[in-house]
2 protein chains.
Amino acid sequence: MTTQLPARIRLLIVDDHPIVRDGLVSILHEGEPDLEVVGEAGDGKEGLAAWRRLRPTVTIMDLQLPELSGVEAIRLIRQEDPKANILVLTTFDGDADIHRAIEAGALGYLLKSVRRAVLIEAVRAVAAGQRYLPPATAARLVEGMELERLTPRETDVLRLLAQGERNREIADALGLAEPTVKIHVNNLLRKLQAKDRTEAAVIALKRGLVHLPR
Amino acid sequence: MTTQLPARIRLLIVDDHPIVRDGLVSILHEGEPDLEVVGEAGDGKEGLAAWRRLRPTVTIMDLQLPELSGVEAIRLIRQEDPKANILVLTTFDGDADIHRAIEAGALGYLLKSVRRAVLIEAVRAVAAGQRYLPPATAARLVEGMELERLTPRETDVLRLLAQGERNREIADALGLAEPTVKIHVNNLLRKLQAKDRTEAAVIALKRGLVHLPR
DNA sequence: AAAGACATAGATCAAAAGGTCTATAAAGAA
DNA sequence: TTCTTTATAGACCTTTTGATCTATGTCTTT
């Protein structure tokens with residue numbers, strides 16, 4: 001189908017921070033003549049549109065994006081082209097988001113704190129269709145698969161719990177009886193290995209299972 | 001003392017993310033001939049050393065830095081030169097950190113998500129010795145001054161509370177009686193306007209009063 | 001010296017949280 | 001169909017939390 005010119009790697013950058021976009025462009029261009037940033041986008045929607053227009057070799061994507069979340073954008077892109085190479089570049093290693101991004105079809109994952117050389121290495125790996133995950137992340141991903149799978153309902157409860165809602169309020173918000181909420185909370189404490197709801201809330205935030213409210 | 005050539009603004013960038021540093025350099029250089037990045041540093045210690053060596057017009061500083069925190073670095077710099085112009089550039093608007101940074105002597109404050117033009121505007125303002133705060137931040141700072149001042153002991157308790165510790169455990173950890181801890185928790189709930197300890201923990205994290213444990 | 005803020009702690013009491021049972025029902029997999 | 005998972009809910013009990021008192025001692029500021 002596509003006649004490949006092996007030399008050139010065409011890149012699309014999707015990140016809502018202009019500073020980060022410029023930093024990426026600067027690092028990727030300088031001294032790497034075969035890397036070319038062909039497009040940039042500041043939110044998920046623009047990112048998807050740009051991807052459709054440009055069909056880049058690699059899409060570098062942040063997860064926290066306005067309009068359309070990074071995970072959603074990845075899912076939609078991979079739906080249109082299951083071979084699309086996507087490298088996730090995010091600020092914190094909130095495990096849950098990474099997990100979802102990988103499930104949605106991202107090939108690589110990196111923290112924004114990485115050194116320049118690592119970024120380039122990751123871009124080249126993903127451009128070649130290879131997985132790229134920091135070892136620690138890969139390890140946590142495997143553990144995460146096993147241990148902490150939350151059911152949809154538990155996730156609902158956790159989200160409200162992590163905003164400081166009481167069981168009574170959670171029950172009302174979800175249209176449940178309070179004992180039901182208590183069961184879910186109980187399961188959450190066990191799965192998250194938290195000794196009480198406050199620790200559960202902190203763990204949920206730390207792992208990116210829920211996000212801080214505005 | 002220093003004979004001033006008004007044209008040139010010499011900048012020092014202190015941020016632990018190479019991507020962000022490159023992004024800043026790129027934005028600040030391009031099309032702004034009077035702005036010159038004369039130095040970069042990747043942690044607080046290096047930042048302080050670079051500042052001593054370079055005495056830049058403006059120091060652009062992240063708050064979350066290894067080795068020496070941004071707030072500490074700001075304090076030390078301002079101790080040596082109370083007229084040093086420091087612009088804080090940070091990822092999240094954790095109010096407490098901003099508050100401390102301003103108290104430590106930062107002149108301006110910006111989120112990393114700002115547009116390029118705003119960044120340049122802020123740099124020029126701070127270079128001229130003027131305060132630069134986004135209106136929303138300024139407003140919150142004023143409120144914050146009034147309402148939410150925590151005592152040192154309350155901060156101790158809050159830190160442990162936000163890790164999910166129980167009153168009993170907090171008491172043991174701090175060498176207090178449990179009733180004393182309860183009083184502090186009570187004061188915290190009132191000052192943070194939280195309805196229970198879980199919400200207090202979330203608020204504390206959101207405002208940057210405490211940080212997520214590693 | 002007096003006033004105010006802070007830290008300490010004891011005593012109660014009601015509300016909420018958390019643990020442990022049992023039990024029903026729907027959806028999906030073996 | 002049978003088994004498993006998930007979601008639902010009731011009952012019971014203990015622990016923890018949070019609210020509200022009173023009270024003391026130390027600082028710092030006025």
Side-chain angles (χ1 to χ4, degrees), chain A residues 96 99-100 103 143-205 209-210, chain B residues 96 99-100 103 143-207 209-210:
Chain A
H99 197 288
R100 281 194 287 263
E103 273 184 348
E143 287 176 49
M145 302 271 197
E146 302 309 320
L147 204 63
E148 79 193 13
R149 282 215 84 77
L150 302 184
T151 69
R153 214 40 163 171
E154 284 165 359
T155 307
D156 294 340
V157 171
L158 181 58
R159 186 173 311 114
L160 293 164
L161 185 157
Q163 283 167 27
E165 306 283 352
R166 290 191 236 273
N167 290 341
R168 177 74 260 156
E169 297 166 327
I170 297 174
D172 291 347
L174 297 177
L176 300 177
E178 202 185 336
T180 305
V181 173
K182 295 182 81 166
I183 293 290
H184 289 309
V185 170
N186 216 289
N187 293 334
L188 283 170
L189 295 184
R190 183 173 33 75
K191 290 188 180 179
L192 299 177
Q193 299 183 50
K195 60 179 169 300
D196 56 42
R197 56 173 47 222
T198 303
E199 194 180 10
V202 175
I203 291 173
L205 291 171
L209 293 165
V210 296
Chain B
H99 197 289
R100 282 194 285 263
E103 273 184 347
E143 287 175 48
M145 301 272 193
E146 301 309 319
L147 205 61
E148 80 194 13
R149 281 214 85 78
L150 302 185
T151 68
R153 216 37 163 171
E154 284 164 359
T155 307
D156 294 340
V157 172
L158 181 58
R159 186 174 311 112
L160 292 164
L161 185 156
Q163 282 167 27
E165 306 284 351
R166 292 189 231 275
N167 290 340
R168 177 73 260 156
E169 297 166 326
I170 296 174
D172 291 346
L174 298 178
L176 299 177
E178 201 184 337
T180 306
V181 173
K182 295 181 82 167
I183 291 290
H184 290 309
V185 170
N186 217 288
N187 293 335
L188 283 170
L189 296 184
R190 183 173 33 76
K191 289 187 180 178
L192 300 178
Q193 298 183 50
K195 60 177 168 302
D196 56 42
R197 56 172 49 221
T198 303
E199 194 180 9
V202 175
I203 290 173
L205 290 170
K206 186 163 61 178
R207 299 207 191 155
L209 293 166
V210 295

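Just so you know, these numbers use all the heavy atoms, side chains as well, and skip hydrogens, waters and symmetry mates. Quick note on labels: first sequence line is chain A, next is B, and so on, each numbered from 1.
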Counting any heavy atom closer than 4.0 Å, what does A:Asn186 reach on the DNA or RNA strands: base, sugar-phosphate only, or nothing? base
When the axes are fitted on five pairs at both termini, how much does the helix from C:dA1-D:dT30 to C:dA30-D:dT1 curve, in 10° steps? 40°
Going 5' to 3' along DNA chain C, which are the first and last nucleotides with any atom under 4.0 Å from a heavy atom of chain B? C:dC6 to C:dG10
Drop me the distance from A:Asp196's CG to B:Thr198's OG1, to the nearest 0.5 angstrom. 7.0 Å
To the closest 0.5 Å, what do you measure between CG (B:Leu174) and CZ (B:Arg153)? 5.0 Å
When the distance from CG of A:Asn187 to P of D:dT6 is rounded to whole Å, what number comes out? 9 Å
Does a nitrogen or oxygen in the side chain of A:Arg153 sit under 4.0 Å from OP1 or OP2 of D:dT8? yes
Name of the residue among B:Arg197, B:Lys182, B:His184 meeting side chain to side chain donor-acceptor pair (under 3.5 Å) with B:Asn167: B:Arg197
Closer to the 5' end of DNA chain D via nearest nucleotide, is it A:Thr180 or A:Arg166? A:Thr180
Could you state the interatomic distance from CZ (A:Arg166) to CG (A:Asp172), rounded to the nearest 0.5 Å? 12.0 Å
Atom-to-atom span, CZ of B:Arg168 to C1' of D:dG18 - whole angstrom: 17 Å
Report the distance from atom CZ of B:Arg190 to atom P of D:dG18, rounded to the nearest whole Å. 14 Å
Taking only side-chain N and O atoms of A:Thr151, does any of them lie within less than 4.0 angstrom of OP1 or OP2 on D:dT5? no
Just the rounded figure in Å: distance from C1' of D:dT14 to CG of A:Asp196. 16 Å
Integer-rounded Å distance: D:dT15 P and A:Lys195 NZ: 18 Å
Rounded off to whole Å, could you give me the NE2-to-P distance for the B:His184 and D:dT17 pair? 15 Å
Report yes if at least one side-chain N or O of B:Asn167 is closer than 4.0 Å to OP1 or OP2 of D:dT16; otherwise report no. no
